[in-house]
Amino acid sequence: MDHGRREDHRNEYRPIERPLAATENEQPMKILRYIFCLQCIVAPCALVSAADTLAIKGAKIVTLAGDPIENGVIVIRDGKIEAVGANVSIPIEAHVIDATGKVVMPGFIDAHTSDGLNEANERNEVVPFLSVVDSINPVLDYFEESRRNGVTTAAIVPGNSTIIGGQAAILKTAGQYVDDMIVKRNAGIKISLRPASGTRMSQMARLRRELDKAKIALEKKKSGEEAKPEAATPEAPKPADTPKPEGTPPEGGDASAPASATPSATDAENVAKGTEAMLAVIEGKLPVFLYCDTAMDVSAGKQLVEEYKLNAIFVLGRDCYKAAKLLSDRKQPVILDKNLVFWETNPRTRKDEKIILPKIYREANVPFVFQTSEGSLRSTTTSSSYLWYQAAIAVKHGTPEIDALKSLSLVPAQLLGIQDVVGSIEVGKDADLVVLTGDPLRLSTWVDKTIIHGKVVYDKSSDQKLKRLLSPKAE
Amino acid sequence: MNAISFASAGRWLVGSWLLCLSVCMPCYSQSDVYYVDQLWTGNGAPIQNAAIVVENGKIQKVGKREQVAAPVDSRVHELGSTVIIPGLVAVESFLVETGDEEKNITPENRAIDGFNFFAEYQSLLAGGITTVQVSPAKSRLMPGQGAVVKLAGDSTAGRTLSALESLTVHLNKSSLNPSTIYEPPVGAVSVDRPLEPTRPQIGASLVESVAGLRLLMQSLEGVRSSSDIRLLALSEIIQSKRTFRMTAESTAEIQAAAKFATQFDLSWMLINPTYLNVKNADIDFKDARLRGIVLNPGIRPGEIVNPPLLGEDVIKPQAVWDQAKHLVEAGVLEKLAIRATSDQEIPELLFLAKVFLRSGLGHEQVLQMLTQNPAQMMGVANRVGVLKPGSDADFVVLSGKPFEDGTSVIATYVNGKVAYEQTASTKALVLSAGKVFTPSGILSNASISMVHGRIQGVGSNVSMPPGAIRKNYPNATIVPGFIDAGSELGLGSPLAESIALDTKLGGILAHDDEAIRFARQGGLTTALLSSSRTPSPILAFKLGDKPRTVKEPVGIRFELTGNVATAEVGLKRTLQTAKQYDDMWKKYEASFSEYQSKLKEYEVAKKKYDADLKAAESKKAEEAKKAASAGTSAPPADKPSEPSKPSDSTTTDPAKSAAEKPATDKPATTPIKPSEQSAAPELKEPEKPKEPEKPKEPEKPKEPEKPKEPEKPKEPEKPKPNASLDVFRELLAGRIVAVVSVDDERAVEAAVRVFREEFKVPTILAGDLPIAKQAAVLSKNGIQALLGPNLFANEKSPSANSSKVNLPVEVAVEAVPFAFQSKATTGSQQLPDAIAYSVYKGLGRHDALSGLTTFPASMFKLDSIGSIAVGKDADAVVLSGDPLDLATEVLAVVIDGVLVYEKNWVSQ
């Protein structure tokens, strides 16, 4: 500052505390500045709320909790649905998506998949202490594909080559970190009746053994005794084997028993976790994803459920349709195989017959939902991985349309126990939506946008991969 | 009676009743009652003429037909001459899904987990097996626990008779030398957790196996909270006192098994004791802990394999049937059961069990070893194995007695529902009866096999064609199908129009005609149809659902009724015209054949002529050549010899050999040649010899006269064909017959005159009394008779009592072959009964039967029907007694190998 010059304070910023010179020129300026400061504080908040409010207007909304709303509006705030209806006012700050001529549905739910995991099956067959959360890789193609196909929630479950697999989890299909994606940790445990190694007989024997151990543990707990970790007790001498050091595991024994003489700390932890999980299974608190490969597994599984009072979700392979009638007394829906329509030769008449799974199960009064992962070892490659395509197939063969649509989101949500957060477009539920270009059950429909937690996680117009696939150009 | 309103009212009634029924369907359970010839309960001698009542899948009552009261509203199933046995129980099988189980001792494994309830077990059900025991594996020391299941049924739980029936232990060679076990470690391998070596298992020898088992059992003493899955399973088995199934083949193994069971006080079964010597074995067979001994027949049906030679000093095992006999003598019949040699032979259990009959065991005993005994030893006898009230309705319907050759399973019932049914093959049928009438005599207890509509075999032991339906009528008589030689069946109503003789009626016969179906219930299989406007062709056809023409026309029907003289004249004229036509044709044919032969000759001659012409020309050329080369005498000298020396045919003269050639069929010998030459237009012979007289001239042989061209014979003129008259030609040739209706004796004479004397055609006279009276005339002239529908005629006798003349008798007495006509549609059914009256009144039964079968077949020249012999059409009638007896009824009728009528037919 030049000491000789007269001080010119007109353009200087003056702090609010200092009284303002009541000059006519300075007054409006000061007010402007005042407003400017105010806005600097308030503006970010406004910006934030503008981003968190989403509104979708002009679409036909299939809420699955009532009649579809034509030309409806959904207002989403903070990742939850704030309002749904035909005459809902859109807040000013909302980012509006014009979905005129399109259909909005709750995001589809994949009720059982082993994709999304690093490796679907463990080498060891009895691992109740493991959880898929440790193995999920959010970068995998599966999640991207799910978003592309409108699947917003998926129940990730260990694979089918196991006896007692790890614990399942329900996740949203968008996110960078697994913890952000989890909807429900420990949503179930996987039990497979397909022989992982050896025969079905040995599989069932081992399975029964584990369940019996859990039952004993439960009784002990109930009677107040502490359940001693099994691995700690030196086992009774095995006379049938050649003499070997004490404490070595029995033939085909528990995976929870360690191989070495002294159990390490992690092993004890695992055993404890495993026992805890199995206790929950026996008490019926932890649902069991029971995979049945063939019809005989269905009857065996049913017996197992009755004997041990399991809370079972039946995951059926392709050939289980022969035992469809056995499941007609179950209230809970079953999860069908990806292959809904296929041809088979009848061994008695030697004629080729077309097997239509949705029709068979509907006629046997068994409700069902769909999955997109390859279950049976004998699937064909022509089946579809699109949930809504499977629903369309079901409608083609007689399922009422509304039931098919419900089986895409509402019914699996109820099955998995997450109907409070997802499954239908209702106020208070998570804003997981899929905007379709047309009727969900038409082949010409595409997924236009997928919204998870109120954020658009997939937009067809900016899907480069799809563009390259559909109209390849020389690059 | 207004049929339509009745029907609609009835329909409404039925509909409303069904509606009420469907409403209270759950509470209304219908029972079924089955009537069979023989029923084996599985426990004792069979019941003859038995009945079994089934309700809700369980047996309500079993017993003799008279003693079993079937509930009202039960469905009745008359199964005819079939036999019911209990559903067989396969006492051991390995019908579990296979896998690679390496561990030798796995008592925790349960076969019930590996049995596929949803697989098809048709082949086993077709063999009569309804209950099966499944064992976990056949080649481990202690593979696990077996189960007893049914092969058909509604629910898995309902089909499981015993989920944990026994513990299988194999002490035989199949359990020796198991593989070593490798188990990958849990978690990472490190210095603290080294990789485990593979673990060997016990079972290198019997001693080791038994010692191991003993240790195992002893270690159970202190087991309370073991984590060893096997010990836990084993202790549970011991506590439940489950049976130990021990497979032990050699003597040492059997001893070990017995000692093991005794030491630990186990209830056990001895499986497959090949080397068991009942007399010397140190086993108390009567011990209650020994639940059963399962014997293995050891044969594979239909296969020939080389059994190993054991060496001279090795003690040979006893034959399994002798073992069975000794065990029965030891008083333990109830403990014996028969298993199949392997899983593939299970459907043939009934056949395999026959091998036990070698030792003299009874059929009931062997059947018991397949049914009651296995059920008893496995603890499921309250449900299966024996047909008694309260047990499951699992039974098998056989076409004959069990263990009898040729018996097959007709149907298998599980829980009262058909689980397997033999698909009927319409190609082959085998009838068996107490008496069979054949041309060579009456056979007793014979069978007739019919394949593709023809009789393939007749006799006491005919070969069973595969898939044949067997029908057994033990006290019945089988006769050939009856022929109605003058019926009005076929077109729905009697034919009364005049039809041309060449009309083919076979194409317009009615299908599925109710009248035909009714008529054949009397035993008629073939009918002859003609119009009542004569002359008419006669058609012979089979009375099947689709009537099949046997021959058309079989004859021509004429009438010599009314004014005999005019009728005679008319017939004569007709026949005359026919004869002329016939003669015309015969002449044509004769001249045609003559023309044919002449044409042949002409062609031969023509060929020869052509050849000769060629030869002559070539000769001319040759002569010219020779003349050119200053002909020597040689050639001329040769020439005269040419024609007359056929030996010259050996010369190489091509022309000559060419000339000889036309004489194709005759060897070129001298005597014939000249004649031949004279026959054929040829070279003029005599000229030749003259030739040599001109030596100087180059012997230009006299130009052979241009041979006479043979004349082409003229084709005879073909007469104009007349289809109707063509039929007469057949008659005149004797290939078809003339059937003449006459109504008085002068007509008979006239017919004789016209048909036999003048035109000499095979004649059958149809009528009643006049024919009987003129039977001698018929006999003399070789005429046959066609009697009916009236087989009795009133004759005015001198005693003013009109007596009834038994017409067939009169005719038969004169040895005149006769046939019967009914001149009716549905009335055809009564023809045999009408004849029965005649038989009752004196006609010989054999003659009467011939009049329905063999006589019409021969009279009408129908070779394929009329008797039961190999090669004839399969037409037969099954009667409950003697044929043509009013006391007899028709039990079944077969036409062209198809059972078209059966008494007590349950309509399907």
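What you see is a predicted model; the values in this text were computed from it and never measured. Chain letters run A, B, ... following the sequence lines, proteins first and then strands; every chain starts at 1. All values below come from the heavy atoms of this structure, side chains included, with hydrogens, waters and symmetry mates left out.
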Which bit of A:L193 comes within less than 4.5 Å of chain B, counting heavy atoms only: side chain, backbone, both or neither?
->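 Contact with chain B involves no heavy atom of A:L193 at all.
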Could you look at A:A295 and say if it's the side chain, the backbone, both or neither that has a heavy atom under 4.5 Å from chain B?
->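 Its backbone and side chain both get close to chain B.
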Could you measure the distance from the [atom1] atom of [X] to the [atom2] atom of [Y]? Nearest 0.5 Å is fine.
X	Y	atom1	atom2	value
A:D297	B:F118	CG	CZ	10.0 Å
A:M296	B:D113	CE	CG	8.0 Å
A:R208	B:R110	CZ	CZ	3.5 Å
A:L326	B:T156	CG	OG1	5.0 Å
A:M201	B:I112	CE	CD1	11.5 Å
A:R209	B:I229	CZ	CD1	6.0 Å

Backbone of A:R200 reached by a side-chain donor or acceptor of B:E97 within 3.5 Å |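 Such a contact is found between B:E97 side chain and A:R200 backbone.
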How far apart are the closest heavy atoms of A:S202 and B:N109, and which atoms are they?
->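 Minimum heavy-atom contact is CA-OD1, 3.2 Å.
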NZ (A:K359) with more than 12 external heavy atoms under 6.0 Å |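 For A:K359, atom NZ is not crowded (no more than 12 foreign heavy atoms under 6.0 Å).
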B:E236, CD atom: more than 12 neighbouring heavy atoms under 6.0 Å |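 Enclosed.
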Would A:K325 and B:D154 satisfy salt bridge (Lys or Arg N to Asp or Glu O under 4.0 Å), going step by step from the backbone distance to the final call?
-> CA-CA 10 Å; A:K325 290 196 194 61; B:D154 289 328; over 6 Å; no
Heavy-atom distance under 4.5 Å to chain A: side chain of B:T106, backbone, both or neither?
->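 Neither part.
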